[in-house]
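Worksheet for the structure shown next.
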Protein chains: 2
Amino acid sequence: MTTHLQKPGHLETPGDLEETGRPDETGRVTLADVAEAAGVSEITVSRVVRGLANVSPATVFKVEEAIARTGYLRNRLAGAMAGAVSNQIAVILPSLSNSVFADVLNGLEVRLQSAGFHSVLGISNYDSDRETKLIESLLGWRPAGLVIAPTELSQRALQLLRRVRVPTVEVMDIDRDPLDMVVGISHRQAGKALAYYLIGRGYRSFGYVGHDIESDHRAAIRRDGFRAALCENGLDFETEATAAAVSSVPLGRELTAGLLGQGAPRLLYFSNDDMAMGGLFEAMARGLQVPRDLAIAGFNGLQIGQSAPVALTTVESHRALIGQRAADQLLARFAGQAVDRRIDVGFTLLPGASA
Amino acid sequence: MTTHLQKPGHLETPGDLEETGRPDETGRVTLADVAEAAGVSEITVSRVVRGLANVSPATVFKVEEAIARTGYLRNRLAGAMAGAVSNQIAVILPSLSNSVFADVLNGLEVRLQSAGFHSVLGISNYDSDRETKLIESLLGWRPAGLVIAPTELSQRALQLLRRVRVPTVEVMDIDRDPLDMVVGISHRQAGKALAYYLIGRGYRSFGYVGHDIESDHRAAIRRDGFRAALCENGLDFETEATAAAVSSVPLGRELTAGLLGQGAPRLLYFSNDDMAMGGLFEAMARGLQVPRDLAIAGFNGLQIGQSAPVALTTVESHRALIGQRAADQLLARFAGQAVDRRIDVGFTLLPGASA
DNA sequence: TTGAAAGCGGTACCAT
DNA sequence: ATGGTACCGCTTTCAA
């Protein structure tokens, strides 16, 4: 073995005293070191490390002992380079400040982790350029799969994805045609279903309170669906209060406060549950009775909304399930199974008490 | 170039029609292909790709044109193998269902992403064995750094970390001595500070409502700190309601309901804001006046608590900041700068109105 | 069940 | 500013 420079920040130590089977000049323990320590070939050690079946128990024992003695740590970089499939999955989400995507990521991790995969994360911040850069950078690691909650896939992004042909799952929104696979719900239908329900409950006067819909196109689609259902019944939003900011409880509260000053409609439809909780809090703070004085509806089915003194009327979007199913799709594909291109996990109307 | 099998799920296509500079039998475009297309050497292309300065503008132009024409996609696996530092940072968190860690991750991503790094995620689920496995698996990718919110580092985990010598930041809790660097707050002091404040406000009757403290040792430390401050004043918790479950709003509500049946103490200290919101909701649902009939205090300073009709009395734990500072520590270390081993981001008492 | 040889696609080092 | 050469550490293929 020739000498070579240590990588910055990666100086593996020879190990303390007793566990120094083959100290080695550089301090790094490789497959070759373990092989020598165990008296077998490199490839045999490799087989043991990867848990392949065709190694005799006696050899496995010798090798495992040598691994422990030398303090060998598998190098997946070299493995992936040599042609083994990566256990990394690129995951691109628009945001992490919104708990919605944290939920999706959580669902993903549950499944991926138990199958031995890791997520490599990118946050696009609802920015198409950043999204493109992230795709390029993450694909450079040759991940086994890609999960993306797309913002607006650029031409370059589409080109990259077509070229690399990595198994890809688009998540959240099934209203558009997928590149490869898609898991989510129809946000348009979710918006419509809620409107139908509310109309059925007798509401006829509606207002909309929303966050930045320019970047969050799924929220825009929900609103469109909601409005379409209103139109079918000869109705429309009487007022809309929106702000070009990310959704949050205080924003919902603030916009609601603005509306309440000027004779608000009977029911306010919020762009999501965070915003709706703000509306609910504002109503409570003013001593209004919900839903008698003001009815409120949201979207997502966040747990906190269901635990509020007046449970939120909303639509459960099964976010963790979306993550899990997305992971399942990838895993099935890896296993060579045929999979559906499109999975609709469905939504659930939560009647609540706020409308 | 010899023939070789395509990796499953990674068949890079030759590119469509016009952009096929060098189709290549396997469909993969390598540095060599770009070099040939540009009429320069591989190493020159490599320099351009990495944005190194010592290449003439004319050459850069030629190479970039060749890259676009061939549809080359950088292979970071090979780069990292050959000795370039990885742009991956291993991140191990106990949970993602709790928004606290999503906030930390968000803070990390903000900084890491803008410096060109990616997080590779592992969720330990508050399980020491899983944590150890994750460390081993993630370190196998030879990340440039590691950020971990430790659960309980096993002997094997410590051995691995010492051996690999990857720059490591422990986050959340600075009450213990760090392996390498640590960024967070003293949860013990946070608990104490809140208790002092409440005692100063005249409260003398306290109860504790908590989630599974076996696994969430930081919550346990806060409670210990709080109690220590009580003891200094000859006080103690009059009652404790705990459950061996993860923290959640409904759990907080349920445990509070249990306590309120039996003449609850004057003030309830909750293990965190999720739990406290549950308490607040239960009080509101019963028509109790907060803080007149029941005072409530939490921990974390979640935004929603501050937007509630009665703003939550709590301690802001600056989670996103912890993530950012952790990233900064790593980046500074990569830049060869000397860094503090311990960074206390501090906490902020939010007086609120619930106590 | 085990092993030998040939890369995988880059980058570091040292020249020029 | 540019290039030649020698690996990085592992897994694949083929043979025994």
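The figures here come from the full heavy-atom set of this structure, side chains too, leaving out hydrogens, waters and symmetry mates.
- Near DNA chain D, meaning a heavy atom under 4.0 Å away, the residues from residues 48-56 of chain B are Asn54(B), Val55(B), Ser56(B).
- For Arg47(B), taking side-chain heavy atoms from C-beta onward, the closest of the listed nucleotides dC13(C), dT11(D), dG9(C) is dC13(C).
- For residues 108-122 of chain A, the set of pairs meeting the salt bridge (charged side-chain N to carboxylate O under 4.0 Å, His left out) definition, not counting sequence neighbours, comprises Arg111(A)-Asp328(A).
- Legend: residues meeting salt bridge (charged side-chain N to carboxylate O under 4.0 Å, His left out) with Arg156(B), ordered by chain and number and at least two apart, are Glu136(B).
- Ser128(B) and Ser154(B) form no side-chain donor-acceptor contact under 3.5 Å, judged by distance and modelled atom types alone.
- In this structure, Asn87(B) atom CG and dG10(C) atom C1' are separated by 15 Å, rounded to whole Å.
- The nearest heavy atom of DNA chain D to Ala78(B) and to Gly39(B) marks one nucleotide each, and the one closer to the 5' end goes with Gly39(B).
- Listed by chain and number, the residues in a salt bridge (charged side-chain N to carboxylate O under 4.0 Å, His left out) with Arg342(B) are Asp177(B) (sequence neighbours excluded).
- The distance between atom CD1 of Ile43(B) and atom P of dT2(D), rounded to the nearest whole Å, is 12 Å.
- Leu77(B) has its CG atom 11 Å from the C1' atom of dC10(D), to the nearest Å.
- The side chain of Val40(B) lies closest to dG3(D), out of dG3(D), dG9(C), dG10(C).
- If you measure from atom CZ of Arg142(A) to atom P of dG10(C), you get 7 Å, rounded to the nearest angstrom.
- Phosphate proximity of dG9(D) to Arg28(A): present, with a side-chain N or O under 4.0 Å from OP1 or OP2.
- For residues 44-66 of chain A, the pairs satisfying salt bridge (charged side-chain N to carboxylate O under 4.0 Å, His left out) are Glu65(A)-Arg69(A), with sequence neighbours left out.
- Residue Thr59(B) places at least one side-chain N or O closer than 4.0 Å to OP1 or OP2 of dT2(D).
- Of the N and O atoms on the side chains of Asn75(B) and Trp141(A), not one donor lies less than 3.5 Å from an acceptor on the other residue.
- Between dT2(C) and Thr44(A), no contact under 4.0 Å exists linking OP1 or OP2 to a side-chain N or O.
- Note: CD1 (Ile67(B)) to P (dG10(C)) measures 10 Å, nearest angstrom.
- The interatomic distance linking Asp33(B) (CG) with dC8(C) (C1') rounds to 14 Å, in whole Å.
- Evaluation of atom-type donor-acceptor distances gives no pair under 3.5 Å for the side chain of Arg76(A) against the base of dG9(D).
- Rounded to whole Å, the distance from CD on Glu42(A) to P on dC8(D) is 11 Å.
- The salt bridge (charged side-chain N to carboxylate O under 4.0 Å, His left out) check on Arg333(A) picks up Asp180(A), with sequence neighbours excluded.
- If you measure from atom CE of Met81(A) to atom C1' of dG10(C), you get 7 Å, rounded to the nearest angstrom.
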